[in-house]
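Everything below concerns the one structure shown next.
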Amino acid sequence: MPHSPGGALFRAFEYASTYLDELNNRPVGATASLEQLRSRLGRDLQQESLEPDQVIAELIAATEGGHLGSAGPRFFAWVIGGSLTSALAADWLTSTWDQNAALYACGPAAAVVEEIAGAWLKDILGLPPQASFAFTSGCQLAHFTALAAARHAVLRRVGWDVNRDGLFGAPPVRVITNEHRHGSVDRALRFLGFGMRNMIALSADDEGRIRPEALQSALQQSQSPTIVVLDAADLNIGAFDRFETLIPLAKSAGAWVHIDGAFGMFARASRSKRGYLAGAELADSWATDGHKWLNVPFDSGLVFVRDREAHRAAMTLNAAYIASNDQARDQIDWNPEWSRRGRGFAVYAALRELGRAGLEELIDRTCDLARSMVDRIGALPGVEIIWRPHLNQGLVRFLDTRSGAGDTAHDLRTRAVIEAINATGEAFFSSSVYRGKATMRVSVVNWRTSQTDVDRTVAAVAQVLGRLG
Ligand SMILES: *Cc1c(COP(=O)(O)O)cnc(C)c1O
């Protein structure tokens with residue numbers, strides 16, 4: 001039975017506009033419990049069909065209170081960006097057009113929009129213009145894609161064709177990383193068959209960075225094919241490895257250098273922050289996200305690879321029925337998926353909405369707000385600043401001020417205060433463990449966050465501290 005789609009789509013649109021308008025006044029944390037959500041959503045799947053409008057109305061009602069306010073301005077947990085208005089609208093249109101963005105032939109505009117947005121991004125991020133790229137589901141799959149290219153290249157250099165001969169019997173590949181690397185790096189390495197035993201995690205200095213001597217000595221320990229993974233902003237303190245020093249060391253030892261810049265790569269767009277990434281352009285591959293600092297809806301990872309041939313060899317496939325067009329860019333040559341969403345539209349829209357100046361302003365403003373929030377929360381009684389942001393990430397902890405209280409008591413206090421802040425509905429934070437201490441992470445990544453939101457948040461924290469005593 002063909003339906004007119006209008007009812008359901010109008011309902012979704014009306015609800016979405018109200019939801020976005022009210023973000024500022026809704027509780028930031030979820031208000032529905034696990035049991036409530038299960039009982040509202042969990043019913044037997046009925047036999048008969050329903051009108052789309054009814055399905056959507058009931059979906060909205062059943063999930064009420066079950067969404068975190070991560071789209072809104074006072075959500076500071078993990079590193080989760082919001083969605084710029086044009087990027088959200090482009091994302092709706094992406095579903096409307098419903099292109100299979102695997103090939104130019106299945107979605108010409110979807111292919112071209114990625115080609116253009118990919119070139120813009122290389123320019124903004126200061127990456128080699130000839131680098132290849134892919135739009136993935138997130139940084140996780142961006143790592144997977146880049147490290148597959150790395151695996152191909154470092155084994156090829158020792159005469160091993162991984163596509164033909166696989167990994168069984170291959171020369172061992174070592175991976176050197178920073179102890180503070182994100183878990184998605186380990187997982188990508190697992191997917192690629194490296195094994196954790198072949199990973200060397202270097203301990204970092206007090207600012208979270210690999211020490212050049214430590215890298216040098218690790219490199220000298222073996223002649224095996226080597227991949228070095230460096231951090232462009234870890235999620236606790238936004239630490240950047242010293243690319244200018246480390247990358248030449250790694251390159252002279254013949255290693256492939258990959259950078260995890262899930263959010264930190266975007267600091268390249270700011271003149272005042274760009275210095276942290278000096279030398280990042282010397283790497284071989286770079287992974288980042290559209291759905292964090294660029295404020296594109298989820299399902300937006302980005303990967304760039306200097307050695308196009310290694311990237312293509314690791315990802316492409318030849319099937320007789322693929323209608324490739326030798327002029328256009330087919331995403332399937334660069335991406336790990338087959339059928340896929342047209343991810344370029346939302347990225348293209350976000351970049352157009354912001355422009356270069358708007359992106360720089362977004363990066364600078366969120367960094368300033370993170371610092372101001374950490375300083376002001378840190379000035380409240382019983383609060384210790386663990387990391388004052390130079391970027392958009394900071395750490396504080398809440399002390400148990402009773403005499404004799406030690407780290408365990410401070411950890412308990414910190415977790416209790418975070419829970420109490422989140423329960424106010426005014427703001428939402430997550431905890432982290434940094435150098436053995438429980439902390440509250442302050443992460444500002446949303447384009448909607450303003451000074452007023454920092455004021456409201458600091459007031460809520462002060463009120464909680466006063467109440468808990
Ligand atoms: C978020 C994050 C990742 C993982 O990215 P996803 O987009 O969630 O897959 C990797 N590294 C760092 C530093 C991150 O912050």
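All ligand and atom numbering here is 1-based and tracks the order in the structure.
Among His390, Arg209, Lys273, Glu207, the one residue that satisfies the side-chain contact (heavy atoms from CB on, under 4.5 Å) test with Phe240 is His390.
Contact annotation for Gln140 and ligand 1: heavy atoms of both the backbone and the side chain come within less than 4.0 Å of the ligand. Both the backbone and the side chain of Cys139 come within 4.0 Å of ligand 1, judged by heavy-atom distances. Using a 4.0 Å cut-off between heavy atoms, Phe263 contacts ligand 1 through its side chain alone, with no backbone atom that close.
Residue Gly138 has at least one heavy-atom neighbour below 4.0 Å for each of these atoms of ligand 1: 7 (O), 9 (O). Every atom of ligand 1 with a heavy atom of Asp289 under 4.0 Å away is listed here by number and element: 5 (O), 6 (P), 7 (O).
A tilted orientation is assigned to the rings of His291 and Phe298, their planes being inclined by 30° to 60°. In this structure, Trp78 and Phe75 have tilted ring planes: the angle between them lies in the 30° to 60° band. Below 30°, between 30° and 60°, or above 60°: for Phe304 and Phe133 the angle between ring planes is between 30° and 60°, a tilted geometry.
In terms of protein heavy-atom proximity, atom 1 (C) of ligand 1 is nearest to Lys292 NZ, 1.2 Å. Scanning the protein for heavy atoms near atom 4 (C) of ligand 1, the closest one is His182 CE1, 3.5 Å. When only non-hydrogen protein atoms are considered, atom 11 (N) of ligand 1 lies nearest to Asp260 OD2, 2.8 Å.
Proximity of Ser184 to ligand 1 is established by a heavy-atom distance of less than 4.0 Å. Residue contacts with ligand 1 include Ala233, since one of its heavy atoms falls under 4.0 Å from the ligand.
No close placement of the Trp334 and Phe135 rings is indicated, their centers lying 6.0 Å or farther apart.
Looking at His143 next to ligand 1, no N or O pair under 3.5 Å apart turns up.
Using a 4.5 Å cut-off on side-chain heavy atoms (C-beta onward), Thr366 and Phe263 make no contact.
Side-chain contact of Thr226 with Arg174: a donor-acceptor pair under 3.5 Å is present, judged by distance alone.
Scanning Ala262, Ala287, Gly264 for the heavy atom closest to atom 12 (C) of ligand 1 points to Ala262.
By the 6.0 Å contact criterion, CZ on Arg157 is enclosed, its count of non-hydrogen atoms from other residues, nucleotides or ligands being greater than 12.
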